Amino acid sequence: MEINGMPAHALLVHGAVVFGPVAGLLAVAYAVPALRERLRGVTLVTAVLAAVFVVLAYLSGDSYLEDNPALSNIPAVGTHEDRAVLALWVTLAFSVLAVAATTLRTGRAARVLPLLAAVGGVATVVAVVLTGDAGARAVWGG
């Protein structure tokens, strides 16, 4: 998978490392009732973009490993790959919670979902940062 001759993973991962943590932090702020109306739209859109870019980064990373099988023998790449699986599922779960939290406006779920989305947001920030750190170490750590 390439974009203009460059591995797509190297480009798409930037969307994941930006939108994932930003969406997570927005979800934490969205849990504050006084901020909800102002943050509803941006939290919704950013959570969806986080999911899209994490999926794209995951798929492009998988494709990159298929094209370069020797990389699978590097322990740091294995760590990055393991953390990417976790980041994928955590971000997808968070994004579902964030979409539900920002679209449901009445009832008990509307009171609980923003808190669950905030927890998912924190988990997403942690998962994306750990995955990105492992990827950086795999590329620049020797």
Side-chain angles (χ1 to χ4, degrees), residues 1-105 108-142:
M1 222 184 215
E2 291 185 352
I3 298 174
N4 201 26
M6 187 168 194
H9 186 66
L11 300 171
L12 294 170
V13 73
H14 290 87
V17 300
V18 171
F19 287 114
V22 169
L25 295 174
L26 281 169
V28 170
Y30 186 79
V32 178
L35 299 176
R36 284 194 191 139
E37 283 309 310
R38 273 186 268 161
L39 296 178
R40 186 177 308 278
V42 69
T43 302
L44 171 65
V45 170
T46 309
V48 170
L49 287 171
V52 167
F53 274 100
V54 166
V55 168
L56 291 174
Y58 181 83
L59 293 175
S60 64
D62 199 40
S63 173
Y64 189 68
L65 278 178
E66 286 178 14
D67 293 343
N68 301 281
L71 292 175
S72 295
N73 298 326
I74 301 171
V77 172
T79 300
H80 177 60
E81 188 176 14
D82 292 343
R83 290 182 183 175
V85 171
L86 176 67
L88 173 70
W89 291 111
V90 167
T91 304
L92 289 174
F94 156 68
S95 295
V96 168
L97 287 169
V99 167
T102 56
T103 55
L104 294 175
R105 297 179 183 224
R108 185 174 294 155
R111 291 189 298 274
V112 174
L113 283 170
L115 299 174
L116 293 175
V119 172
V122 171
T124 296
V125 171
V126 171
V128 169
V129 168
L130 289 176
T131 303
D133 179 64
R137 289 177 189 276
V139 171
W140 295 300

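Since the structure is predicted, the reported quantities are computational estimates derived from the model, not experimental observations.
At a threshold of 4.5 Å between non-hydrogen side-chain atoms, the residues V42 and L39 count as touching. At a threshold of 4.5 Å between non-hydrogen side-chain atoms, the residues R40 and Y30 count as touching. With a 4.5 Å cut-off on side-chain heavy atoms, L130 and L86 do not count as touching. In this structure, R105 and E37 have side chains that are in contact, with non-hydrogen atoms separated by less than 4.5 Å. Counting only heavy atoms from C-beta outward, the side chains of F94 and V119 never approach each other to under 4.5 Å.
Closest approach of L113 to A100, counting heavy atoms only: CD1-CB, 3.7 Å. Of all heavy-atom pairs between A118 and A31, the closest is CB-CB, 3.9 Å. Summarising the geometry of L35 relative to A29, their closest heavy-atom pair is CD1-O, 3.6 Å, with the distance given to 0.1 Å. Heavy-atom minimum distance, A76 versus A138: CB-CA, 3.7 Å. Across all their heavy atoms, T131 and A87 have their closest contact at OG1-CB, 3.4 Å. Among all heavy-atom pairs drawn from V90 and G120, the shortest one is CG1-O, 4.5 Å.
Not a single donor-acceptor pair under 3.5 Å links the side chain of H80 to the backbone N or O of G132. Side chain of S63 to backbone of L59: no donor-acceptor contact under 3.5 angstrom is found. Side-chain atoms of S95 come within 3.5 Å of backbone atoms of A47 as a donor-acceptor pair (strictly under, hydrogens ignored). Put simply, the side chain of T43 never gets that close to the backbone of A27: no donor and acceptor are under 3.5 Å apart.
How far CG of D62 is from NE2 of H9: 10.0 Å, rounded to the nearest 0.5 Å. With rounding to the nearest 0.5 Å, the separation of CG in L92 from OG1 in T124 is 9.0 Å. One distance of note links CG of L11 with CD of E2; it measures 10.0 Å at 0.5 Å rounding. Of the inter-residue distances, the one linking T91 atom OG1 with F19 atom CZ reads 13.5 Å to the nearest 0.5 angstrom. The CG atom of L12 sits 5.5 Å away from atom CG of L56, with the distance rounded to the nearest 0.5 Å. Note that CZ of R83 and OG1 of T79 are 6.0 Å apart. Values are rounded to the nearest 0.5 Å.
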